[in-house]
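Here's the structure we're looking at; comments come further down.
In what follows, every chain begins at residue 1, and chains take the letters A, B, ... in the order their sequences are listed. It should be emphasised that the depicted structure is a prediction, and the values quoted were computed from it without experimental measurement.
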Number of protein chains: 2
Amino acid sequence: MKSMEEIIQAAGEGEPARLVVAGAGGREVLKSVAEAQRQGMVKPLLIGETQKIRALARELELNISPGQIIAGKSDREISEVAVEKLLEDQDILMKGLVETSSLMKAVLAAKDRLLKRRLISHLVLAEVPALDRLLFISDGGVNIKPGIEERAEIIQNAIDAARQLGWERPRVALMAAVEKVKSSMPATEEAAILSKMADRGQISGGVVEGPLALDNALFQDAAGIKGLTGEVAGQADILITPDIVSGNLLGKSVVYLAGGCFAAFIGGTTRPIIVTSRADKAETRLASLAVAVLMSD
Amino acid sequence: MKSMEEIIQAAGEGEPARLVVAGAGGREVLKSVAEAQRQGMVKPLLIGETQKIRALARELELNISPGQIIAGKSDREISEVAVEKLLEDQDILMKGLVETSSLMKAVLAAKDRLLKRRLISHLVLAEVPALDRLLFISDGGVNIKPGIEERAEIIQNAIDAARQLGWERPRVALMAAVEKVKSSMPATEEAAILSKMADRGQISGGVVEGPLALDNALFQDAAGIKGLTGEVAGQADILITPDIVSGNLLGKSVVYLAGGCFAAFIGGTTRPIIVTSRADKAETRLASLAVAVLMSD
């Protein structure tokens, strides 16, 4: 997959995925659902305030039957019903107008059936005009200061997601401020440790390398100036940051300052979960839906 | 100052600044010096391999007298001579082809005369096409994991630099992943503490506010969605990150993925010091020179 357009196109090609929306009574939320349905990506099941959903659906010309709406009042109730339905017979879950914490609580309560491993993580897939490829960034949204074993799971979640989306052997760069290992900068030592864990097969399905700085992870000429060889430097598909602050700043700067289109989703679940934020545009929600549809195939 | 072009223009208007270059025998280095001289910004003093400097100067049509070249061999010797000359009668120091660590050692050895306070810090000033203003980012290059009092100095250095460049009362955002204070995310508590220190006058000359996330620091609509008021949210001029990794990732993503032109320099010194890197283009070096010239006025 080279572009978000390609992903959106591919997502419309197979059978529509069954999508459950937690908190569907918002205009931007339903707009993206309507567009995804129009493109043949999804068949929605909408949880939330029935009246509001009906009114908005009419306005947005979203074609749904009464059986596709389920009433729910509090964030907690909506989240629990949505997760229950997801596990029953739905393919994808999208967060609409409920608090992320409520939804995550409901997801974690069903962890035996919904989690692939101990840990879920936040992933951004961004289209960056300055790059010739799409870029995954993790984790700027869920895990605050993960330890080594948690970071190994974050990396594995990202590799799994990229593979589900068609990257055969994704290249993972472990980010720091420099590419040399320095004890004074823990992120560089952690990157060294995680690289070796991947060498030993403790992380699989991709090539994992670090520490790298942003320029020498992404651009071949910057990697060349530093004399970095190997399959990752200058060619990274996935950037893993050491903590939530660096992941959030990097993700948001790519998205808001350098970005075209982007998708945001959760890694490490058996069924794709999309956690968009209130401020996200319909375009972002559609891209996130397309990513989830492809992952659910 | 609204754009890098305006800064470059303004830098050419006054008397040329006396510029000492540590390790001048590099093509990209001398190219920017030649251009800065042509625009009336600087009168250079070049330290390094005399033969090489002469040959390159001829090739680049850089007009210099023999008294403007001083021989120096090792990085250490070049750095020490450069700092000595800076303190003697020069206005600005630019790192050319010497290791940053050598130059910083020479700078710190002269700390009584060259440092304004205990700490120096790294600053990037970037032109971001997605924004209507220039943006300072600190510290992605010098201080690895600064404590609260060190961060207060980093903030003060950034405010001082912005004021020297014409920002009357710069707006400083203290970055985290979210805008709420959470004990589980130390960057948010540190931001709260530093905000209060600024309220108490322990940091002065600007408005300091945090924690903020990138979108609500930079964009009014994102700040509005979160209900953030005050002078900083949505209007930040300066972004301060909690550590070197987040500062480096944010700075590099702004520069390499979202950027037009940028300048990099050191804050907290009595005379401007520019620390560019080997990979920087002549354009970046010229912008950095222009910033230093304006700061030295």
Is it true that atom CZ of A/Arg133 has more than 12 heavy atoms of other residues, nucleotides or ligands lying nearer than 6.0 Å?
yes
Chain B shares the most heavy-atom pairs under 4.5 Å, among A/Ala176, A/Ala217, A/Ala213, with A/Ala176
Contact part of A/Asp221 toward chain B, heavy-atom cut-off under 4.5 Å: side chain, backbone, both or neither?
neither
How long is the straight-line distance from CG of B/Leu249 back to OG of A/Ser246, given to the nearest 0.5 Å?
6.0 Å
Within a 6.0 Å radius of atom CD on B/Glu99, are there more than 12 heavy atoms belonging to other residues, nucleotides or ligands?
no
Test side-chain contact (heavy atoms from CB on, under 4.5 Å) applied to A/Val178 and B/Ile244, step by step:
CA-CA 10 Å; A/Val178 291; B/Ile244 197 171; over 6 Å; no
For atom NZ of A/Lys2, is the number of surrounding heavy atoms from other residues, nucleotides or ligands below 6.0 Å larger than 12?
no
Under 4.5 Å from any heavy atom of chain B - which part of A/Ala222:
neither
Do B/Ser253 and A/Ser253 have side-chain atoms, one donor and one acceptor, less than 3.5 Å apart?
yes
Approximate separation, where rounding is to 0.5 Å, of B/Leu257 CG and A/Phe219 CZ:
5.0 Å
So for atom CD, which belongs to A/Glu6, do other residues, nucleotides or ligands contribute more than 12 heavy atoms lying within a distance under 6.0 Å?
yes
From the list A/Pro186, A/Ser184, A/Ala187, the residue making the most non-hydrogen contacts under 4.5 Å with chain B is A/Ser184
Top of B/Ala258, B/Gly251, B/Gly247, B/Ala177 for chain A proximity - count of heavy-atom pairs under 4.5 angstrom
B/Ala177
Pick one of side chain, backbone, both or neither for A/Leu218, based on which atoms fall under 4.5 Å of a heavy atom in chain B.
side chain
For B/Lys145, is the NZ atom crowded, meaning more than 12 foreign heavy atoms sit under 6.0 Å from it?
yes
Checking B/Lys252 against chain A: side chain, backbone, both or neither under 4.5 Å from a heavy atom?
both
A quick test of your reading: do over 12 heavy atoms of other residues, nucleotides or ligands sit less than 6.0 Å from CD of B/Gln220?
yes
Taking the side chain as everything from C-beta on, heavy atoms only, tell me whether A/Leu214 gets closer than 4.5 Å to B/Asn248.
no
Taking atom CD of A/Glu49 as the centre, does the number of heavy atoms from other residues, nucleotides or ligands within less than 6.0 Å exceed 12?
no
Quick one: does A/Thr241's side chain get under 4.5 Å of B/Val245's, heavy atoms only?
no
Determine the option with the most heavy-atom pairs under 4.5 angstrom with chain B, choosing from A/Ile225, A/Leu131, A/Asp215.
A/Asp215
